[in-house]
Amino acid sequence: MHQSLVDRRQQLLAAIGDAVAILPTAPEAVRNADANYPYRADSHFLYLTGFAEPEAVLVLDGRRGKSLLFCRAKNPDMEIWEGFRHGPQAAAEAFAFDEAYAIDELEQRLPELLADVPALYWPLGRSAGWDARIAGWLGVVRSRARLGVDAPAQFGDLLPLIDEMRLLKDEREQAILLRAGQVSAEAHVRAMQATRPGKYEYEIEAELLYHFVRNGARQPAYESIVAGGGNACTLHYAANNARLNDGELLLIDAGCEFMGYAGDITRTFPVNGRFSQPQRDLYEVVLAAQLAAIAAVQPGATLDAPGDAALRVLVQGMLDYQLLQGSVDGVIESGDYRRFYMHGIGHFLGLDVHDVGLRRPGGQWRQFQPGMCTTIEPGLYVRPDDRVPAAFHHIGIRIEDNVLVTATGRHVYTDAAPKRIDDIEALMQAS
């Protein structure tokens, strides 16, 4: 772990040259009254430091090639209330920083670190408060111009540099992602086994959360979607409070966060354990689209290839079941398919569930490379409409897996959660 953190910081130091880079972690957030939300460090900061405590700042000094951490000082009285703090000395040893200081020293030391530096990087424009603090430090340096001290004259956004690094997951990151996927897939199996007509969406959500926490994933990677019946036609449904009815489908989009990394799986299955024929028809279309998209994930393929492959299958299914009229090419060109499929095929996955990285740098589709991790998640969502066969009304289906790009192709590492109709029905009938 320590060496990978050091390597990342050294890679970023090489990218900024003689400049200085400043990266604060996320602030604590008040939930209500004097209670905070569970703390989660900024993902960019976590990626470079491994340090999960609040009130911390990473400074990279390109002239000396050193990484500096500013963090909370040891405080035995506060540790009685809030728990262990590393403090600067222990943090430097535990996370392999060249130097570490108390966060209270930041105001004094930053102007010194910025003196005679040609360029400064930070998350430019992401926080008005931090922009103002940095402007203040620059002002202090500029006030020393008559003493022969130069302030940085060039400024850059630090985050795009880190985004490019985070695109390719190293072996340790891949292992953590696979564990997040495994725990998430097991939770989906548990949810299928627990589902019965008459239960409520939140009861099934509780099964997911239980399995996450029981396996060391204290938090979901995002707010779980547990959507029965027509609720599944709302893409980011989050109420999770409706009764599950016999004859309806249940769509679950949920994943755990394990050691900072996200799982993200969607499964759709019948509440009573048996697909009706209309449900079966549309489900098979979505599954075929997902399999076609997964097959398009391989090194050297462009990122739009999975979406294009899935879209043709989905549109053909819309035509076959009279959701739309016309030809595949005509429907794609017109965009009419967006009535039933209105999102993209997937997103990068990592420390963030919608992980960083430009998909079209310079206006050209990026190519898949080994170490990238993506979701593949086609869907069909049929709201009531007089132009659509009534048997399909209120059916929402999405199937989502996590896919790691390998040197020879791809690894679908969340397929322990069943998605073929026979497998789903067999699991649910046995439970």
Side-chain angles (χ1 to χ4, degrees), residues 1-9 11-12 21-31 35-60 67-75 78-79 82-97 99-104 106 121-123 126-127 129-130 133 157-163 165-167 169-170 172-173 175-177 179-180 212-213 216-223 255-264 348-357 373:
M1 172 183 175
H2 298 160
Q3 189 57 49
S4 62
L5 295 172
V6 171
D7 290 346
R8 292 169 192 172
R9 296 195 290 260
Q11 183 179 344
L12 191 54
I22 301 171
L23 180 64
T25 193
E28 294 182 286
V30 175
R31 183 182 185 276
N36 289 341
Y37 284 101
Y39 183 70
R40 168 59 154 79
D42 173 79
S43 292
H44 290 92
F45 185 87
L46 201 60
Y47 177 76
L48 291 171
T49 68
F51 190 74
E53 295 180 25
E55 296 184 77
V57 177
L58 171 67
V59 178
L60 298 178
S67 62
L68 291 65
L69 177 72
F70 291 82
C71 66
R72 298 183 303 186
K74 291 292 287 183
N75 186 324
M78 290 304 299
E79 288 182 65
E82 298 177 353
F84 174 75
R85 296 181 178 185
H86 278 86
Q89 181 177 347
E93 295 172 0
F95 300 96
F97 293 103
E99 300 174 12
Y101 303 97
I103 191 69
D104 293 344
L106 188 67
Y121 290 85
W122 78 96
R126 311 298 172 103
S127 164
W130 272 99
R133 290 186 75 177
D157 188 359
L158 180 64
L159 300 192
L161 299 178
I162 310 173
D163 291 352
M165 295 169 57
R166 285 176 55 185
L167 267 175
K169 277 61 179 179
D170 61 30
R172 182 175 181 275
E173 290 180 289
I176 297 172
L177 280 166
R179 180 58 179 162
F212 293 168
V213 175
R218 291 280 320 281
Q219 302 292 334
Y222 52 96
E223 191 167 18
C256 72
E257 179 176 293
F258 184 77
M259 295 179 66
Y261 287 78
D264 184 6
F348 293 129
L349 190 66
L351 282 165
D352 296 315
V353 67
H354 289 174
D355 210 33
V356 295
C373 187

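Here, residue 1 is the first one in the sequence, and each next residue gets the next number. Only heavy atoms go into these numbers, but all of them, side chains included; no hydrogens, no water, no symmetry mates.
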Legend entry - Gap between atom CG of Leu60 and atom CG of Leu68 - 0.5 Å precision: 8.5 Å
Legend entry - Side-chain donor-acceptor pair present, Gln11, Asp7, cut-off under 3.5 Å: no
Inset, instruction - Give the minimum heavy-atom separation between Gly357 and Phe348, together with the two atoms involved. - result: O-CE1, 3.7 Å
Legend entry - Under 3.5 Å side-chain donor-acceptor pair for Asp264 and His354: no
Inset, instruction - State, to 0.1 Å, how close Ala52 and Ala41 come at their nearest heavy-atom pair, and which atoms those are. - result: CA-CB, 4.1 Å
Inset, instruction - Mind listing the closest non-hydrogen atom pair of Leu46 and Phe51 along with its distance? - result: CD1-O, 3.8 Å
Inset, instruction - Calculate, to the nearest 0.5 Å, the distance between atoms OG and CH2 belonging to Ser127 and Trp122 respectively. - result: 11.5 Å
Legend entry - Pairwise side-chain contact, Val356 with Leu167, heavy-atom cut-off 4.5 Å (strictly under): no
Inset, instruction - For the pair Glu79 (side chain) and Lys74 (backbone), establish whether a donor and an acceptor sit closer than 3.5 Å, ignoring hydrogens and angles. - result: no
Legend entry - Between CD on residue Glu257 and CZ on residue Phe212, distance to nearest 0.5 Å: 11.0 Å
Inset, instruction - For the pair Lys169 (side chain) and Leu349 (backbone), establish whether a donor and an acceptor sit closer than 3.5 Å, ignoring hydrogens and angles. - result: yes
Inset, instruction - Find the distance between OG (Ser43) and OH (Tyr261) and round it off to the nearest 0.5 Å. - result: 9.0 Å
Inset, instruction - Output yes when a side-chain donor or acceptor of Thr25 lies under 3.5 Å from a complementary backbone atom of Asp42, and no otherwise. - result: yes
Inset, instruction - Measure across Ala102 and Ala73 and return the closest heavy-atom pair with its distance rounded to 0.1 Å. - result: CB-CB, 4.2 Å
Inset, instruction - Grab the two heavy atoms, one from Leu5 and one from Gly50, that are nearest each other, plus how far apart they are. - result: CD2-N, 3.7 Å
Legend entry - Sub-4.5 Å side-chain heavy-atom contact between Phe258 and Ile176: yes
Legend entry - Ser4 OG to Arg9 CZ distance, which is reported to the nearest 0.5 Å: 9.0 Å
Inset, instruction - Start with the C-alpha gap between Arg72 and Glu53, add the side-chain angles, then the distance that decides, and say whether salt bridge (Lys or Arg N to Asp or Glu O under 4.0 Å) holds. - result: CA-CA 8 Å; Arg72 298 183 303 186; Glu53 295 180 25; 3.6 Å; yes
Inset, instruction - Flag the pair Leu23 / Tyr121 as yes when at least one side-chain heavy-atom distance between them is below 4.5 Å, and no otherwise. - result: no
Legend entry - Heavy-atom closest pair, residues Ala26 and Arg40: CB-O, 3.7 Å
Legend entry - Any donor-acceptor pair under 3.5 Å from Glu173 side chain to Asp170 backbone: yes
Inset, instruction - Validate the cation-pi geometry between Arg8 and Tyr47: distance from NZ or CZ to the six-membered ring centre under 6.0 Å, angle to the ring axis within 45°. - result: yes
Legend entry - Inter-residue atom distance Cys71.SG - Phe97.CZ, 0.5 Å rounding: 8.0 Å
Inset, instruction - Evaluate the ring planes of Phe84 and His86, with Trp represented by its six-membered ring, and classify them as parallel (under 30°), tilted (30 to 60°) or perpendicular (over 60°). - result: perpendicular
Inset, instruction - Not counting sequence neighbours, which residues clear side-chain contact (heavy atoms from CB on, under 4.5 Å) with Leu106? List them please. - result: Val57, Phe70, Ile103, Leu110, Trp130, Arg133, Trp137
